[in-house]
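Residue numbers begin at 1 in each chain, while the letters A, B, ... track the order of the sequences. FYI, side chains are in, hydrogens and waters are out, and symmetry mates aren't considered; it's all heavy atoms of this structure.
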There are 2 protein chains.
Amino acid sequence: MVEPSKPFVPSTLGYALLGLLARGAQSGYDLTQGLKNPVGYFWSAGHSQIYPELARLEAGRLIHHHVVEQTERPDKKVYALTSEGSAALTDWLGAPTAVPRKRDELVLKAYSLWHSNPAGAAQMMREHAAVHAAHLAEFETRLTWLTDEAGSAIWQLDSKWFGVHAVLRRGIGYEREYRDWCEWMAGCLEGSSEAKTGE
Amino acid sequence: MVEPSKPFVPSTLGYALLGLLARGAQSGYDLTQGLKNPVGYFWSAGHSQIYPELARLEAGRLIHHHVVEQTERPDKKVYALTSEGSAALTDWLGAPTAVPRKRDELVLKAYSLWHSNPAGAAQMMREHAAVHAAHLAEFETRLTWLTDEAGSAIWQLDSKWFGVHAVLRRGIGYEREYRDWCEWMAGCLEGSSEAKTGE
DNA sequence: TAGTGCATGTAACGCGTTACATGATTAG
DNA sequence: CTAATCATGTAACGCGTTACATGCACTA
């Protein structure tokens with residue numbers, strides 16, 4: 001038997017790209033855009049990370065590309081999954097998933113807010129509440145669009161729209177909770193700045 | 001040669017350490033433990049990252065240390081904030097905070113789940129739901145402890161307990177939402193009819 | 001005698017961000 | 001005339017994780 005010469009395990013970004021390519025052949029530029037909305041909200045990357053990763057995936061034979069020549073646009077490389085790539089994606093989906101470590105500077109600041117003045121902190125919390133409220137509104141709008149476009153397909157597990165649906169749901173829940181926490185914090189902080197008149 | 005002395009801006013981890021030291025002088029080992037519960041749930045680091053960062057903070061004169069000799073334990077360096085360190089912490093608290101980018105492999109997998117078999121995925125979602133339910137229970141227990149110990153101080157903004165309270169609240173909301181999403185996903189994947197009633 | 005806790009460091013490696021680089025076309 | 005969009009790359013740098021390294025005291 002042949003020794004397992006090179007296992008080549010893609011990075012998580014690699015699997016993200018495979019997941020996007022499973023929905024249709026795309027160029028590196030398309031993938032860069034795709035990793036913004038809405039999946040990219042839970043796994044993003046810049047083009048400088050994507051192009052080298054595509055090269056590695058191709059070297060590992062999980063994807064392949066062909067050049068599409070364009071006249072009024074630069075030529076582009078359109079990538080597609082190979083059968084190995086499709087299998088690798090399925091394997092990854094079935095493998096155990098690590099619980100992500102969170103890194104949130106705002107919560108870190110909240111831990112030390114007693115060391116600062118409440119008035120400015122309250123304003124910061126209001127601002128962040130607004131940001132998350134905006135994200136929430138965007139996701140809800142997208143979910144409405146999705147429902148209009150895909151209809152009952154968003155509930156069909158073998159439809160690619162189900163994935164979008166799942167991500168949007170997660171985004172909506174996440175943003176709603178974050179917004180509520182920010183507003184709760186702001187309320188706490190403003191309650192005290194009323195008491196303290198001279199700041 | 002005499003450039004107007006580099007300002008030395010600490011990393012976010014540096015500020016996390018300053019925030020911990022603002023609550024009392026501690027050794028690097030203590031800080032390593034402190035960055036686990038409960039603040040560390042939103043900003044963690046290993047000791048291999050902490051010791052060099054402490055050295056940098058000290059070089060920047062934001063902290064200083066003195067050696068405490070111990071007989072039945074190894075000697076230790078106990079670090080404390082300087083006045084510059086305290087000021088740097090306050091400045092950081094008042095400065096704008098970036099909205100964190102999320103990286104969540106489970107949500108990424110959800111996006112591609114249509115490419116896999118639902119049965120295994122449902123089990124994975126149940127497992128993650130259990131993990132987040134356990135985190136939730138732990139945070140709720142800690143909040144109960146905190147209420148018993150600190151009493152009304154958890155509501156006083158100038159008390160360091162308020163920071164713990166704030167972080168625990170965020171943790172509770174986050175874990176509850178994540179658990180609910182996992183269970184909703186599992187319900188969808190298992191094909192139960194009650195899953196479709198949500199929203 | 002093996003493992004855990006205390007206590008402090010260094011080194012290697014990979015991932016992610018920012019910046020550097022180029023260059024055509026189209027819209028305001 | 002300026003900016004944005006399309007399109008693809010490389011390079012530098014910092015942060016975070018894992019592993020390497022040491023050593024004593026107490027417990028199972």
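- Side-chain contact check for A/Leu35 versus A/Ser44: every heavy-atom pair is 4.5 Å or farther apart.
- Looking at A/Tyr15 and A/Leu20, their side chains never come closer than 4.5 Å, going by heavy atoms from C-beta outward.
- When the nucleotides C/dG9, D/dA7, C/dG16 are ranked by their closest atom to the side chain of A/Leu13, C/dG16 comes out on top.
- Of the side-chain N and O atoms in A/Gln70, one or more sit less than 4.0 angstrom from OP1 or OP2 of D/dA7.
- One interatomic measurement links the two molecules: CD of A/Glu105 to C1' of C/dT17, which rounds to 15 Å at whole-angstrom precision.
- Rounding to whole angstrom units, NE2 of residue A/His66 and C1' of D/dT8 are separated by 17 Å.
- Here the C1' atom of nucleotide D/dC24 and the NZ atom of B/Lys76 are 15 Å apart, to the nearest Å.
- Tracing side-chain contacts under 4.5 Å through hydrophobic residues (I, L, V, M, F, W, Y), one never reaches B/Val131 starting from A/Tyr174; they form parts of separate clusters.
- Looking at residues 96-103 of chain B, you'll see B/Arg101, B/Arg103 sit with a heavy atom under 4.0 Å from some atom of DNA chain C.
- Hydrophobic clustering (side-chain heavy atoms under 4.5 Å, transitive across Ile, Leu, Val, Met, Phe, Trp, Tyr) groups A/Met125 together with B/Leu93.
- Annotation: side chain of A/Gln26 is not in contact with side chain of A/Gln33 (no heavy-atom distance under 4.5 Å).
- Within residues 20-56 of chain A, the residues approached by DNA chain C to less than 4.0 Å at the level of any non-hydrogen atom are A/Trp43, A/Ser48, A/Gln49, in residue-number order.
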Quick one, A/Leu189 with B/Leu157, criterion side-chain contact (heavy atoms from CB on, under 4.5 Å). Give me CA distance, side-chain angles, the key distance, then yes/no.
CA-CA 7 Å; A/Leu189 293 161; B/Leu157 302 184; 3.9 Å; yes
